Amino acid sequence: MNWQSDLNVIETVFVPSLERWYEYHKRDLPWRHTRNPYYIWLSEVILQQTRVAQGKPYYERFIAAYPTINDLAHADERELLRLWQGLGYYSRARNLHQTARHITEQLNGKFPETYHELLKMKGIGVYTAAAIASFAFGERVSVVDGNVYRVLARVFGIDEDITTTSAKKTFAALAARLIQQASDPATYNQAIMEFGAIQCTPVAPDCLLCPVQQQCVAYLTGQQNRLPIKAKKAPVRNRYFQYLIFKNGDKIAMRERTDRDIWQNLYDFYLLETDEPKPMLRDLLLPDSVNELVQQGVLSTMPTGAMQLLSHQRIQAMFYVIDLPDKLAGHLPTGLKWYSQAMIGDLPKPVLIANYLEKSFG
DNA sequence: AACTCGGGGGC
DNA sequence: GCCCCAGAGTT
């Protein structure tokens, strides 16, 4: 079935229907009370792959901590990551910082105002560029996010796999055509996303009260639960982290993660990763220098375990606390540094580590 | 085109 | 369990 044959009929009904629906059903969200491109940008980056309910408190904290892009540009990166802690995808925070500096220093503080200029910024891709361009500057460019894929796939009965490049082109072309019908591009873009989030939900969409029910191919053919089509993701990778937590008095040894891996620029402890579970400290193959520290230290508490589920990894961690006498405090493995409890509170940490610290030392 | 990058919430 | 969330960058 070719959706293009029905497009002319549907599009003139679909767009105004969504705009009307939005006017009545839209949520009152803080970033909807501004056209300041800096605030819009901040909200959009926070909301990438993140639910509104999760991102909202972060948005409030960020605009309080960094009221202007100039403030963000001059922020301490560690403090910024600490504010971002728990949101995940930490490269978003690093790119945010980098782009704030770029705009402040290279662009003389002038925020890019067009879709194409916005796309050049680090951390601003096709979705975010379209969102800022339309919301802040009124440009007639269409956003295509997860909500839009779902709504369009259902209403227009598109059964291409949305993870493929060709499908992305199909949806982008359709969205670009639809927004030509919009009375206001910003309102329409927000409307279709809000509609996907509230009405045309992934599971159990509210078709009975849907304003475009009679225009929806999926509803009319009973395919709401089949569309959109999406290829399954690769299974999650299992990883086993053995953490050695060196203590000296009230100080704990931590290090910044700098490898090309998860949690870049966040802080954790001395880590030995193994390819299978190693619940016994004595089974760990440690470097000689580290092993010597372990031998001379005191295993001060029972080892504890924890699991952290990411979207693409399942991390099973063991935590071994080792008390070091003063005379060995200067012999930490490379990269580790001593931090007092108060200092650790200011360090950005993965949720796995923050939870552990809270439970064991909080 | 495929991989990688977090964490949480809903069912 | 499984899916998805106002995606982007790298390989």
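Chain A is the first sequence line, chain B the second, and so forth, proteins listed ahead of strands; every chain is numbered from 1. Since this is a predicted model, take the numbers as computed values, not measurements.
- For the OP1/OP2 pair of dA6(C) and a distance below 4.0 Å, the side-chain nitrogens and oxygens of Thr128(A) include no atom meeting the criterion.
- Rounded to whole angstrom, the span from the CG atom of Asp145(A) across to the P atom of dA8(C) amounts to 10 Å.
- Side chain of Asn189(A) to main chain of Val143(A): a donor-acceptor pair is present (N/O by atom type, distance under 3.5 Å, no hydrogens or angles).
- Atom-to-atom, NE2 of His312(A) to P of dC2(C) comes out at 17 Å; the value is rounded to the nearest Å.
- An OP1 or OP2 oxygen of dA1(B) is reached within less than 4.0 angstrom by no side-chain nitrogen or oxygen of Lys168(A).
- Taking the C1' atom of each, dA8(C) and dG9(B) are spaced 23 Å apart, rounded to whole Å.
- With Arg154(A) contributing its side chain and Pro228(A) its backbone, the two residues share no donor-acceptor pair below 3.5 Å.
- Under a 4.0 Å N-O distance rule, the pair Glu77(A)/Arg94(A) does not qualify as a salt bridge.
- With hydrogens and angles left out, the side chain of Tyr127(A) and the base of dG7(C) share no donor-acceptor pair within 3.5 Å.
- Two rings, from Phe246(A) and Trp338(A), have their centers 6.0 Å or more apart.
- For an aromatic pair to be called close, the ring centres must be under 6.0 Å apart, and Phe135(A) with Trp31(A) fails this.
- Whole-Å rounding puts the Lys120(A) NZ to dA8(C) P distance at 17 Å.
- Distance alone, capped at 3.5 Å, places no donor-acceptor pair between the Ser360(A) side chain and the Leu357(A) backbone.
- Taking only side-chain nitrogens and oxygens, Gln313(A) comes nearer than 4.0 Å to OP1 or OP2 of dC5(B).
- Closest-nucleotide positions on DNA chain B for Leu87(A) and Thr163(A) were compared, and the one nearer the 5' end corresponds to Thr163(A).
- Residue Arg237(A) places no side-chain N or O under 4.0 Å from the OP1 or OP2 atom of dC3(B).
- Whole-Å rounding puts the Tyr22(A) OH to dA6(C) C1' distance at 11 Å.
- Checking the phosphate oxygens (OP1, OP2) of dG7(B), a side-chain nitrogen or oxygen of Trp263(A) falls inside 4.0 Å.
- Using a 4.0 Å cut-off on heavy atoms, the residues of residues 25-58 of chain A that approach DNA chain B are Gln49(A), Thr50(A), Arg51(A), Gln54(A), listed by number.
- In this entry the distance linking CH2 of Trp84(A) with C1' of dA8(C) reads 12 Å, nearest Å.
- For Pro350(A), the listed nucleotide lying nearest its side chain is dG7(B); candidates were dG6(B), dG7(B), dT10(C).
- Taking a pair as Watson-Crick or G-U wobble with both distances under 3.5 Å, the runs of three or more consecutive pairs in DNA chain B are B:1-5 with C:7-11, B:7-11 with C:1-5.
- No side-chain heavy atom of Glu256(A) sits less than 4.5 Å from a side-chain heavy atom of Gln264(A).
- Taking only side-chain atoms of Asn95(A), from C-beta outward, the nucleotide of dG7(B), dG6(B), dG9(C) with the closest atom is dG9(C).
- Annotation: cation-pi geometry satisfied between Arg61(A) and Tyr58(A) (NZ/CZ under 6.0 angstrom from ring centroid, within 45° of ring axis).
- Arg27(A) contributes no side-chain N or O that, together with a main-chain N or O of Glu194(A), makes up a donor-acceptor pair within less than 3.5 Å.
- Between Pro37(A) and Phe137(A) the shortest side-chain heavy-atom distance falls below 4.5 Å.
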* Asked: Step by step, would you call Arg255(A) with Asp268(A) a salt bridge (charged side-chain N to carboxylate O under 4.0 Å, His left out)?
  -> CA-CA 6 Å; Arg255(A) 56 112 192 197; Asp268(A) 62 359; 2.7 Å; yes

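- Whole-Å rounding puts the Lys122(A) NZ to dA8(C) C1' distance at 10 Å.
- With ring centers used as reference points, Phe156(A) lies under 6.0 Å from Phe14(A).
- Contacts with DNA chain B (heavy atom under 4.0 Å) in residues 181-207 of chain A: none are found.
- Across the protein-nucleic acid pair, Arg314(A) atom CZ and dG7(B) atom P stand 16 Å apart, rounded to whole Å.
- The nearest whole Å value for the distance from the CD1 atom in Ile124(A) to the P atom in dA8(C) is 9 Å.
- OP1 or OP2 of dG7(B) lies within a sub-4.0 Å distance of a side-chain N or O belonging to Tyr90(A).
- Within the 4.0 angstrom heavy-atom criterion, no nucleotide atom of any strand lies near Val143(A).
- Heavy-atom distances to DNA chain C give each of Arg260(A) and Ser311(A) a nearest nucleotide, and the one nearer the 5′ end belongs to Ser311(A).
- When the P atom is compared between dC3(B) and dA6(C), the two are found 25 Å apart, to the nearest whole Å.
- Using modelled atom types, one side-chain atom of Asp145(A) and one backbone atom of Asn147(A) make a donor-acceptor pair closer than 3.5 Å.
- The side chain of Lys232(A) lies closest to dC3(C), out of dG6(B), dC3(C), dA8(C).
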